[in-house]
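Chain letters run A, B, ... following the sequence lines, proteins first, then strands; residues in each count from 1. Just the heavy atoms: all of them, side chains too, but no hydrogens, waters or symmetry mates, feed the values below.
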Protein chains: 2
Amino acid sequence: MASLRVLGVDPGLTRCGLGVVDVLPDRSATLVHVGVVRSDAGAPIEARLAIIAAGIRAVIRDHSPHVVAVERVFAQSNRHSVMGTAQASGVALLAAAEAGLAAATHTPSEVKAAITGYGSADKRQVQTMVARVLRLDELPKPADAADALALALCHAWRGSAPTAGAASHRTLTPAQRAWRQAERVRR
Amino acid sequence: MASLRVLGVDPGLTRCGLGVVDVLPDRSATLVHVGVVRSDAGAPIEARLAIIAAGIRAVIRDHSPHVVAVERVFAQSNRHSVMGTAQASGVALLAAAEAGLAAATHTPSEVKAAITGYGSADKRQVQTMVARVLRLDELPKPADAADALALALCHAWRGSAPTAGAASHRTLTPAQRAWRQAERVRR
């Protein structure tokens, strides 16, 4: 069976989570890579973004994902780091485009719903489910790494975000969507 | 006299303003380049960011600025495009770092104050002053291009943002600051 390899990115300047998974059309998944790119809070913003970009490009080069899924950042967020998070997400999306890869964004509640079945799940529930799906002995750490894996799984299971006129798409099972998405990416 | 060449970036996805000026220690300035990189609102976000990055890199390559000044984006902004603006600013800062250039950010009110003398100046007043300083026959258009030139002038005239322990820096005249900044960048 053809698997879909997804790089999930939990964007951030201090810690940017990166997780790569292989997902089969039957929803089963395997861990390929998980890690975190860190940059020093005292460094200039442009240097921090360059470190994040280099880390993402290295994972793309080493693991050749088919698609990159990035957490969608909202201005309404009350985290004071939200602008840095948005800048890091821009760099992640740019790295995808420059590697010739499709990219997608998913909201935190979409990720929670895809992984646990409900959008208001807490972080621990998401991490536990990620560990179970990937048959890991421990919860992935730090949380940013776990979030990146959850994003990657979410992307494969949801398929691409429904677009206008794609209502029928939503009637597919998650496995059918994953398959369709894999087909689309391969083309 | 040594001049400081500054690339100003007014970040945006639909229109990203780019302006390059040469500024002498006596505050006099010359237009080197002005333009706008546009990306189609219907294109995927990652493709739009790649277009913006390519446009910024081309200007850096063609005009070899010493430093890149980018407008600082605030989450409190009520523009619904604020996240895209933040992503574009991240890409601009990344392009600076990857070209080995220093970068700086300035807020809109810092730019207005540097150009017109007061932080609540309206856009037209800023554009008129930019045109006068650069001895342009017309106001630079579109507004994004004018804003990019204003950012570049602001950066040269303000010097770099004061850092902890740099209080004495603030007692310098704008010309002295421009000179000091030019010296610093050349080192």
Val21(A) reachable from Val59(A) in the ILVMFWY side-chain graph, under 4.5 Å edges
no

State plainly whether one hydrophobic cluster holds both Val91(A) and Leu151(A), where clusters connect Ile, Leu, Val, Met, Phe, Trp and Tyr through side-chain heavy atoms under 4.5 angstrom apart.
no

If you measure from CG on Leu94(B) to CD1 on Ile45(A), what distance do you get to the nearest 0.5 Å?
10.5 Å

Can you hop from Val130(B) to Val36(B) via hydrophobic side chains spaced under 4.5 Å?
no

How far does CD of Gln87(A) sit from OG1 of Thr105(B), to the nearest 0.5 angstrom?
8.5 Å

Could you have a look at Ala96(A), Ala97(A), Ala88(A) and say which one has the most heavy-atom pairs with chain B under 4.5 angstrom?
Ala97(A)

Could you see if Val68(A) belongs to whatever hydrophobic cluster contains Val73(A)? Use Ile, Leu, Val, Met, Phe, Trp, Tyr and a side-chain cutoff under 4.5 Å.
no

To the nearest 0.5 Å, how far apart are OG in Ser89(B) and CG in Leu49(A)?
8.0 Å

Same cluster for Val34(A) and Val23(A) if Ile/Leu/Val/Met/Phe/Trp/Tyr side chains link at under 4.5 Å?
yes

Tell me the closest heavy-atom pair linking Val82(B) and Met83(A), and the distance in Å.
CG2-CE, 4.2 Å

Using the side-chain contact (heavy atoms from CB on, under 4.5 Å) rule, take Leu93(A) and Arg48(B) through it: C-alpha gap first, then chi angles, then the decisive distance, then the call.
CA-CA 10 Å; Leu93(A) 291 164; Arg48(B) 302 184 75 184; over 6 Å; no

Could you tell me whether the side chain of Glu46(B) and the main chain of Ala103(A) form a donor-acceptor pair under 3.5 Å?
yes

